[in-house]
Protein chains: 2
Amino acid sequence: MLSKSGKYAIRAVLYISNHSNKNNKIGSKEIANKLHIPAPFLAKILQELTKKEIISSVKGPHGGFYLSQKNNNKTLFDIIDCIDGIQKFENCFLGQEECNENKPCVIHHLYVPFKNKLLSKLKTKTIVEMAIEYSKNNNFFDFVKLNE
Amino acid sequence: MLSKSGKYAIRAVLYISNHSNKNNKIGSKEIANKLHIPAPFLAKILQELTKKEIISSVKGPHGGFYLSQKNNNKTLFDIIDCIDGIQKFENCFLGQEECNENKPCVIHHLYVPFKNKLLSKLKTKTIVEMAIEYSKNNNFFDFVKLNE
DNA sequence: CAAATAAAAGATAAAAAAGTCTTTTTATAT
DNA sequence: ATATAAAAAGACTTTTTTATCTTTTATTTG
Ligand code: FES
Ligand code: FES
């Protein structure tokens with residue numbers, strides 16, 4: 001479904017949301033280490049996200065990545081749109097030319113409801129909401145969030 | 001989720017089930033044309049399926065591919081296992097090292113129920129059952145099936 | 001048997017995705 | 001100002017996936 005780049009992007013952005021803020025930026029290498037992502041590869045991905053203003057960055061000493069208010073209200077859908085493109089959500093699960101009710105493949109009636117729920121969540125929940133959900137699911141509450 | 005090879009494989013096998021039988025085999029080129037799949041690429045895929053005895057073939061004039069009784073009772077899961085491998089069904093949707101309830105990613109609780117339904121269908125329905133379901137969904141009933 | 005036909009096998013080739021490395025730019029702190 | 005740290009930019013490499021081409025082998029038909 002998602003490419004490795006896309007998965008890396010989402011996990012990295014959620015990590016940034018949970019572990020940094022404007023006064024406490026985080027470097028791409030640290031994120032890469034923590035998430036076990038090849039560092040130069042992640043750096044490229046973060047570059048693209050920065051260019052599309054989904055995350056923010058500052059160069060130089062104590063520079064790094066963080067999320068502005070505006071960034072935090074973007075969605076995971078925006079991330080996927082930026083890195084992978086969203087065409088994939090139109091495609092038939094089995095690669096038929098069309099995906100629709102008229103000529104459904106044998107997986108269609110399983111796949112479409114899942115896809116709709118997925119898209120709804122990806123589009124309506126903000127990055128910060130997702131990051132909080134993740135931190136709750138995983139029982140951690142980061143000190144950085146406190147003094148944001 | 002599935003690679004192109006895997007999608008091609010499933011669509012081709014369902015096509016074979018619906019449009020050929022032991023006395024009326026179908027060639028790889030014809031399948032490729034009908035399903036808009038690159039012909040030499042499909043030929044390779046069908047070779048692998050034949051080697052793993054998921055489909056049957058006969059060389060020479062009036063040769064081609066068909067499904068034996070035994071073939072027809074295999075599943076789409078067997079096809080995926082042969083072409084793509086089944087490791088992918090273990091992976092986290094967002095590429096986390098583990099996919100489990102202890103450290104669920106933000107898509108986990110949407111993804112796992114879908115995956116379970118999908119796997120259940122892929123594993124329990126036979127190829128011939130899937131092929132019939134497809135032909136019903138698409139309102140065609142092939143003459144070849146009649147005199148099988 | 002000979003000719004024709006279709007799959008099998010295997011070698012290449014092209015494209016896409018993933019990953020690495022080097023240089024440049026910019027912000028910060030001393 | 002200068003040194004430094006970190007991202008930005010971009011060239012490059014490797015790996016994987018997708019696709020093609022050629023030769024061989026097996027089967028059928030006349
Ligand atoms: S037709 Fe295959 S998923 Fe919709
Ligand atoms: S943890 Fe991500 S899908 Fe299960």
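So that the names make sense, note that chain A is the first sequence line, chain B the second, and so on, each numbered from 1.
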Carefully, step by step, assess A/Lys34 and A/Glu30 under the rule salt bridge (charged side-chain N to carboxylate O under 4.0 Å, His left out). CA-CA 6 Å; A/Lys34 290 283 166 52; A/Glu30 186 180 341; 3.5 Å; yes
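Within the 4.5 Å cutoff, no side-chain heavy atoms of B/Lys103 are placed close to those of B/Glu98.
Within the 4.0 Å cut-off from OP1 or OP2 of C/dA6, not a single side-chain nitrogen or oxygen of B/Ser57 is found. Within the structure, every side-chain polar atom (N or O) of A/Thr50 is placed at least 4.0 Å from both OP1 and OP2 of D/dA7. For C/dA7, neither phosphate oxygen OP1 nor OP2 lies less than 4.0 angstrom from any side-chain nitrogen or oxygen of B/Lys29. Of the side-chain N and O atoms in B/Tyr8, none sit less than 4.0 angstrom from OP1 or OP2 of D/dT18.
Between the CD atom of B/Gln47 and the P atom of D/dC21 there is a distance of 16 Å, given to the nearest Å. Atom CD1 in B/Ile45 sits roughly 13 Å away from atom P in C/dA8 (whole-Å rounding). Distance A/Lys4 NZ to C/dA18 C1': 7 Å, rounded to the nearest Å. For the pair B/Lys22 NZ and D/dT27 C1', the interatomic distance rounds to 14 Å; values are reported in whole Å. One can place CG of B/Asn33 at 13 Å from P of C/dA6, the figure rounded to the nearest angstrom. C/dA7 atom P lies 10 Å from atom CD of B/Glu30, rounded to whole Å. Here C/dA9 presents its C1' atom at 16 Å from NZ of B/Lys52, a figure rounded to the nearest Å. Put simply, OH on B/Tyr66 is 11 Å from P on D/dT27, counting in whole angstrom units.
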Please list each protein N or O that sits under 3.5 Å from an N or O in nucleotides 20-30 of chain C, with the distance.
residue : atom : partner : partner atom : Å
C/dT26  : O4'  : A/Lys59 : NZ           : 3.4

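Within 6.0 Å of atom NZ in A/Lys115, more than 12 heavy atoms from other residues, nucleotides or ligands are found, so the atom counts as buried in its surroundings. The number of heavy-atom neighbours closer than 6.0 Å to NE2 of A/His109, taken from other residues, nucleotides and ligands shown, is above 12.
In terms of the side chain to side chain contact (heavy atoms under 4.5 Å, CB included) criterion, residue partners of A/Lys29 (sequence neighbours excluded) are, by chain and number, A/Ala39.
Using a 4.0 Å cut-off on heavy atoms, none of the residues of residues 74-96 of chain B approach DNA chain C.
In this structure, A/His19 and A/Tyr15 have parallel ring planes: the angle between them is below the 30° cut-off, well short of the 60° mark. The aromatic rings of B/Phe93 and A/Phe114 sit perpendicular, their planes meeting at an angle over 60°, well past the 30° parallel limit.
For the pair A/Lys121 and A/Glu129, the salt-bridge criterion is not met [side-chain N within less than 4.0 Å of a carboxylate O].
Cation-pi geometry between A/Lys22 and A/Tyr66 is not met: the NZ or CZ atom fails to fall both under 6.0 Å from the ring centre and inside 45° of the normal.
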